[in-house]
Number of protein chains: 2
Amino acid sequence: MRRMTARPANAHQARLLRLLRDGGPNSRAQLGDQIDLSRSKLAVEIDRLLETGLVAADGLAASRGGRRSHNIRLAPGLRLLGVDIGATSVDVAVTNAELEILGHLNQPMDVREGPVAVFEQVLDMAAKLRASGVAEGFDGAGIGVPGPVRFPEGVPVAPPIMPGWDGFPVREALSQELGCPVMVDNDVNLMAMGEQHAGVARSVKDFLCVKIGTGIGCGIVVGGEVYRGTTGSAGDIGHIQAEPDGRPCACGNHGCLEAYFGGAALARDAEAAARDGRSAELAARLEEMGSLAATDVAAAASAGDATALDLIREGGTRTGQVIAGLVSFFNPGLVVIGGGVTGLGHTLLAAIRTQVYRQSLPLATGNLPIVLGELGPAAGVTGAARLISDHLFSPA
Amino acid sequence: MRRMTARPANAHQARLLRLLRDGGPNSRAQLGDQIDLSRSKLAVEIDRLLETGLVAADGLAASRGGRRSHNIRLAPGLRLLGVDIGATSVDVAVTNAELEILGHLNQPMDVREGPVAVFEQVLDMAAKLRASGVAEGFDGAGIGVPGPVRFPEGVPVAPPIMPGWDGFPVREALSQELGCPVMVDNDVNLMAMGEQHAGVARSVKDFLCVKIGTGIGCGIVVGGEVYRGTTGSAGDIGHIQAEPDGRPCACGNHGCLEAYFGGAALARDAEAAARDGRSAELAARLEEMGSLAATDVAAAASAGDATALDLIREGGTRTGQVIAGLVSFFNPGLVVIGGGVTGLGHTLLAAIRTQVYRQSLPLATGNLPIVLGELGPAAGVTGAARLISDHLFSPA
DNA sequence: CCGCTTTGTCCTGCGACAGGAGAAAGTCGT
DNA sequence: ACGACTTTCTCCTGTCGCAGGACAAAGCGG
């Protein structure tokens, strides 16, 4: 199938495409209410979009008291690929133009195997999704990687947990392989975009999205746009000091947040607790599996294990301590907690909330919701699709 | 003298006015190079600006190889009032349309005396400046207050150090008194705008401006625009925790940065050091004055007093600790240190730098300048003038 | 079948604007 | 002193974007 290579010719068309993406199919009249354009001009632009195939007319809607309207919708055959590369697994999903997920695969994989091995895997998963019939090809792909990215070029820069990726031309390479436009971003930023598009952060202009996975990162949204910082490393809060002269961290400093919490630290602490005999529950799991992961702590906690609950509470408190500072500084309208450890659920959330509400300024916390992300593993891939969609739906 | 009530009629005119403000007088041809408009359209807009009196033609420039150009400049009679209300003093200045300071007054005053008393003082100072001949009236005024502001309305909200100002309609009241448009913002944001317009932060898009006065605040600039947060309290970093379970703070929490540093904390620590006999230098000053201020510590330090130097270094280290976290989070392109305690100079700066470079991520600090503001007390009033100028030079 | 409503199309006229032609006002070389 | 060239600025004309009215199409209810 031939892919849509067309792009909106002007800002009006871009605006219309985004309205259709975020608001679903719509009549000309309804679109006219949402955009500041005369009916005539609107009709012209829609006709042009129909000609280029970016949108399609799709039957008549029910009457609302008068002439029935034509439904205008985004090209039904348009397919986007969303890729979310985590430290220990890869998510790949296919969406339509409205960013609805049509197929989603997840595969464990160590990002440290390097870009070549990971891309092989990603392309294989994309092929599987194509074979399953949800897509015949891709009009664009968004991809998130667990580290800082030089955004305009789509190249990771000095990523601590994936050194082999430093300077690897992710965007160019993947674009070549897939034959479609590709955009690359930090995985945390994509999670923020996902929750903004389809999750808890809809209609919030300024918010933070804290992702607690193997490490800890934070997506920053200012005025509805992701803020990436001067060198693309904004939101890298895992190595903010949570305890002066505290535990040594892999980064070389002491007392970093990631030395106390996150998937890696939690697993390490849990194994220590199991060996020290502080938790029979965890010891049993360690015996069985040979090693422990965050999910084991989650399971032990829901089984009522006190040590597991303590580990979660302590981690949440440390995290809350750091978030409290960020809340005072940034004064967000919402804080979203997400990532792999959301399985720790409300124990974690309660600890974070307690600490933030206790420590931040009342004016900043007065009306501040702190909530779990509602998209789970779909947040990253949705954000990735959103990223490339934003790119495709901007004037050429 | 009649004031300019005219406002630019469209975005082009606004753009031209800002070019003239930031780049100084210019010929039509030079303006044409900086704006994406045809010569004809440009001429039309400039003619309209000349008609409304917003700009003036001001003689011929030297030839550059051909016909001499007419100099176009902003209305030479335009006058802006910049007001910077600090915790313990008030600055009032008059600028021309290019934001050059034509007159500047400073007066000690306690902000806690409340808005009525402070405004009386401000109006008196403005009258003095008028009487000195630098202005016959004001076309607009910008005012900074040491606390959070609901920006669109120009009203302080729950300001900790000036409780009597809560909800006082600063913008409306001052606009009534002065008979011109008024904009209100946090004093720290104005300092950031000042350094951005005429100081060290020219041409930097994303930066932080840490103001260490009586308290400690931080101006946040994202993409060239001041970020104020959801409730206007963004940048309030004085109560970020610098030490878990540390010193009690006036805010009710423990270990806040302001409990360790800032004008108030420094004075308190210096007096304690004087009484404990740790510093003969400080003790002598305490004897003489009855109390100590940050300036005394600065003086003692430049006299070589070891205790004073220690106090500054310790404060700088605490501040650097907090800034390090913000740098990791925000990844700015520049950090500006300013405010009353800049008198502490390079001892302070060195301590902050050491801590930030030691603690933040290399990627975020790699190319990060940390510098003292270069405008001193003029930063606030320049920023205030810039604030109202931005308002006046936007389409009506 | 007749009003009334909603939706969509066509047409005309206005205003924004680009870009060429040319006038005005210089410099420089001979 | 004069002509060639440059820069600056003005004027004019044609094109394009666009708003808004008139009108056609299509549906509803009585």
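Below, chain A is the first sequence line, B the second, and so on; all start at residue 1.
Of the candidates D/dA19, C/dG8, C/dA18, the closest approach to any side-chain atom of B/K41 belongs to C/dA18. With distances taken from any side-chain atom of B/R48 to the nucleotides D/dG27, C/dA16, C/dA18, the minimum falls on C/dA16. Checking D/dC9, C/dA16, C/dT9 against the side-chain heavy atoms of A/A43 singles out C/dT9 as nearest. Taking only side-chain atoms of B/A29, from C-beta outward, the nucleotide of C/dT9, D/dC9, D/dG20 with the closest atom is D/dC9. The side chain of B/E45 sits closest to C/dC17 out of C/dC17, C/dA18, D/dA19.
Within the nucleic acid shown, B/S69 comes within 4.0 Å of sugar-phosphate atoms alone, with no base atom in reach, counting heavy atoms only. Nucleic acid contact class of B/S63 (heavy atoms, under 4.0 Å, all strands): sugar-phosphate only.
Taking atom CG of A/N10 as the reference point, atom P of D/dG17 lies 9 Å away to the nearest angstrom. The distance from atom CG of B/L42 to atom P of C/dA18 is 10 Å, rounded to the nearest whole Å. Between the CG atom of A/N71 and the P atom of C/dG8 there is a distance of 9 Å, rounded to whole Å. If you take CG of A/L31 and P of C/dT6, they are 18 Å apart, rounded to a whole angstrom. Rounded to a whole Å, the CZ atom of A/R68 is 9 Å from the C1' atom of D/dG27. We find that CD1 of A/I46 is positioned 17 Å from P of D/dG17, with the value rounded to whole Å. Following rounding to the nearest Å, B/L60 (CG) and D/dT7 (P) show an atom-to-atom distance of 18 Å. Regarding A/D33, its CG atom lies at a distance of 11 Å from the P atom of C/dG8, rounded to whole Å.
Atom CD of A/E225 has 12 or fewer neighbouring heavy atoms from other residues, nucleotides or ligands inside a 6.0 Å radius. A 6.0 Å sphere centred on CG of B/D36 holds no more than 12 heavy atoms belonging to other residues, nucleotides or ligands.
Salt bridge A/R7/A/D139: absent, no basic N to carboxylate O contact under 4.0 Å. Under the 4.0 Å criterion applied to side-chain N and carboxylate O atoms, B/R48 and B/E45 are assigned as salt-bridge partners.
Note: B/L31 CG to B/R39 CZ = 14.5 Å, rounded to the nearest 0.5 Å.
Distances shown here put every side-chain N or O of A/R67 at or beyond 4.0 Å from the OP1 or OP2 atom of C/dG8. Listed pair B/H12 / C/dC17 meets the phosphate criterion, a side-chain N or O lying under 4.0 Å from OP1 or OP2. Contact annotation: B/R39 does not reach the phosphate of D/dC11 (side-chain N/O to OP1 or OP2, under 4.0 Å). Residue A/R28 has no polar side-chain atom (N or O) positioned under 4.0 Å from OP1 or OP2 of C/dT6. At the phosphate of C/dA18, OP1 or OP2 sits under 4.0 Å from a side-chain N or O atom of B/S38.
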